[in-house]
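To start, the structure itself, in structure tokens.
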2 protein chains.
Amino acid sequence: MALTRNTKAQEEVLKLMQETPHTLTVDEICEKIPLQVNKTTVYRMLERFVAAGKVHFITSSDGKAHYALCTSCKHQHTLHNHIHFQCTACGTVDCLPDKVEIPVLPGYQMKETQFLIIGICTKCAAVGKE
Amino acid sequence: MALTRNTKAQEEVLKLMQETPHTLTVDEICEKIPLQVNKTTVYRMLERFVAAGKVHFITSSDGKAHYALCTSCKHQHTLHNHIHFQCTACGTVDCLPDKVEIPVLPGYQMKETQFLIIGICTKCAAVGKE
DNA sequence: AATAAAAACGCAACATAGTTGCAAAATATT
DNA sequence: AATATTTTGCAACTATGTTGCGTTTTTATT
């Protein structure tokens, strides 16, 4: 990847991600974006963003990829030590500020981490109590 | 699920899982099992095992489910605080003995956890150095 | 041992997430 | 404006996992 180019589609996707407080799937991006963008394009776009370190993704327990901007983790990373929370009630996946201590694994080469907790998020838990 | 019954297929799957030091996908189970068992059957079987707490699964970053017996975590659980390692070279996913400190998340209800580290496992890293 | 109820199974068809190849459009540079 | 390269859209495809339903197997009971 020698050069990158700015396109309307990319701008819109980044803008949507900035405005959204939780992670997004490719389908959600395609639905919510004002501009019509093909899903293949979104997949490839996100692939580039991930490679560039702008975006990270977390795979939910049902196997779907959820993307988010790399905000809490500035600088150089790939090793995302914050926690993601998947709510089985509303389906959203959030990046939480809480960090996990990544253990040292002698002999292993770490490239990426995915810490996921599945359960009921604060909003849905509150609704359940009413 | 009022009652459960023992079947050859279930025995064989459990036996295979006991003999295998790493996690297994449904396809791997279907391939490696001496008895011929339909994939749907294996899916439903594992679903039962997971519900019964005999087996847990971890979703790899590419979205596939990898199953393993619950050994390191005896007793009652669902909250698996050990780490899984996904090797991008050989493709295997292992349960590591290393534990993660699960943070307290006020307002959230935790049901399940999935801690995954992606990289190169000890075996593949050693081969790479030769 | 025969019977009956329920669990477990197999098959086929389906659903969905993600991928690939290729031609067309958009972008940056000269 | 011309060019080279990136980015996009489309269509077809792959793979994982699911669903419905009829059949077989297991288990408890008679």
Side-chain angles (χ1 to χ4, degrees), chain A residues 1-16 23-52 54-68 86 88 91-93 114 116 118, chain B residues 1-17 23-52 54-68 86 88 91-93 112 114 116 118:
Chain A
M1 184 181 59
L3 198 67
T4 62
R5 294 176 184 184
N6 281 336
T7 62
K8 280 267 188 300
Q10 289 183 147
E11 267 178 46
E12 290 288 346
V13 169
L14 287 173
K15 193 181 158 205
L16 174 64
T23 64
L24 289 166
T25 64
V26 168
D27 276 357
E28 286 170 342
I29 291 173
C30 289
E31 280 171 24
K32 294 185 182 173
I33 211 171
L35 200 69
Q36 178 143 335
V37 184
N38 188 274
K39 69 167 181 175
T40 305
T41 301
V42 177
Y43 274 111
R44 293 200 262 229
M45 200 183 287
L46 290 168
E47 204 178 319
R48 274 176 260 141
F49 292 161
V50 169
K54 280 185 191 174
V55 164
H56 70 280
F57 74 97
I58 175 88
T59 310
S60 56
S61 61
D62 55 352
K64 287 166 199 154
H66 298 250
Y67 296 86
Q86 174 188 352
T88 53
T92 58
V93 175
Q114 298 210 350
L116 180 67
I118 298 121
Chain B
M1 183 182 60
L3 199 68
T4 63
R5 294 173 184 187
N6 283 334
T7 63
K8 281 265 188 302
Q10 289 184 142
E11 268 178 43
E12 290 288 345
V13 170
L14 286 173
K15 193 180 158 203
L16 174 65
M17 293 181 88
T23 64
L24 289 166
T25 63
V26 167
D27 275 359
E28 286 169 343
I29 291 172
C30 289
E31 280 172 24
K32 294 185 182 172
I33 211 171
L35 198 71
Q36 177 142 337
V37 184
N38 189 274
K39 69 168 182 172
T40 305
T41 301
V42 176
Y43 275 111
R44 292 201 262 229
M45 199 183 288
L46 290 168
E47 202 177 321
R48 271 176 261 142
F49 292 161
V50 169
K54 281 185 189 174
V55 164
H56 70 281
F57 74 97
I58 176 89
T59 310
S60 56
S61 62
D62 56 351
K64 287 168 199 154
H66 298 250
Y67 296 86
Q86 175 188 352
T88 53
T92 58
V93 175
E112 201 186 322
Q114 299 209 351
L116 180 68
I118 298 121

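Worth saying up front: this structure is predicted, and the values here are computed from it rather than measured. Below, chains carry the letters A, B, ... as their sequence lines are ordered, and counting in each starts from 1.
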Any [X] side-chain heavy atom under 4.5 Å of [Y] side chain:
{"X": "A:Gln86", "Y": "A:Asp62", "value": "yes"}
{"X": "B:Leu35", "Y": "B:Lys8", "value": "yes"}
{"X": "A:Phe49", "Y": "A:Leu46", "value": "yes"}

How long is the line joining [atom1] of [X] and [atom2] of [N], in whole Å?
{"X": "A:Arg44", "N": "C:dA26", "atom1": "CZ", "atom2": "P", "result": "16 Å"}
{"X": "B:Met45", "N": "C:dG10", "atom1": "CE", "atom2": "P", "result": "7 Å"}
{"X": "B:Leu35", "N": "C:dA8", "atom1": "CG", "atom2": "C1'", "result": "13 Å"}
{"X": "B:Arg48", "N": "D:dT18", "atom1": "CZ", "atom2": "P", "result": "14 Å"}
{"X": "A:Glu31", "N": "C:dT16", "atom1": "CD", "atom2": "C1'", "result": "13 Å"}
{"X": "A:Asp62", "N": "C:dA17", "atom1": "CG", "atom2": "P", "result": "9 Å"}
{"X": "B:Ile33", "N": "C:dC9", "atom1": "CD1", "atom2": "P", "result": "10 Å"}

Do the side-chain N or O atoms of A:Thr41 get closer than 4.0 angstrom to the phosphate oxygens (OP1, OP2) of D:dT7? no
Does D:dC10 have its OP1 or OP2 closer than 4.0 Å to a side-chain nitrogen or oxygen of A:Asn38? yes
Nearest heavy-atom pair of B:Ile33 and B:Leu16: which atoms, and what distance? N-CD2, 4.3 Å
Of the nucleotides C:dA28, D:dT18, D:dT26, which one has an atom closest to the side chain of B:Arg5? D:dT26
Winner on side-chain proximity to B:Thr40, out of C:dC11, C:dC9, C:dC22, is C:dC11
With a 4.0 Å cut-off on heavy atoms, is [X] in touch with a base, just the backbone sugar-phosphate, or nothing at all?
{"X": "A:Asn6", "result": "sugar-phosphate"}
{"X": "A:Glu47", "result": "nothing"}
{"X": "B:Val26", "result": "nothing"}
{"X": "A:Thr7", "result": "sugar-phosphate"}

Could you give the angle between the helix axes at the two ends of the helix from C:dA1-D:dT30 to C:dT30-D:dA1, with five pairs per end, rounded to 10 degrees? 30°
Identify each atom pair where a protein N or O and an N or O of nucleotides 13-16 of chain D are less than 3.5 Å apart, giving names and distance.
residue	atom	partner	partner atom	Å
D:dT16	OP2	B:Asp27	OD2	3.1

Partner set under side-chain hydrogen bond (donor to acceptor under 3.5 Å, both in side chains) for A:Thr23, not counting sequence neighbours: none
Test side-chain contact (heavy atoms from CB on, under 4.5 Å) applied to B:Thr25 - qualifying residues, sequence neighbours left out: B:Asp27, B:Glu28, B:His66
With sequence neighbours left out, what residues match B:Thr7 under side-chain contact (heavy atoms from CB on, under 4.5 Å)? B:Ala9, B:Gln10
Could you check whether B:Glu112 and A:Ser61, counting side-chain N and O atoms only, form a donor-acceptor pair closer than 3.5 Å? no
I need the residues from residues 8-15 of chain A with at least one non-hydrogen atom less than 4.0 Å from DNA chain C; give them sorted by number, or say none. none
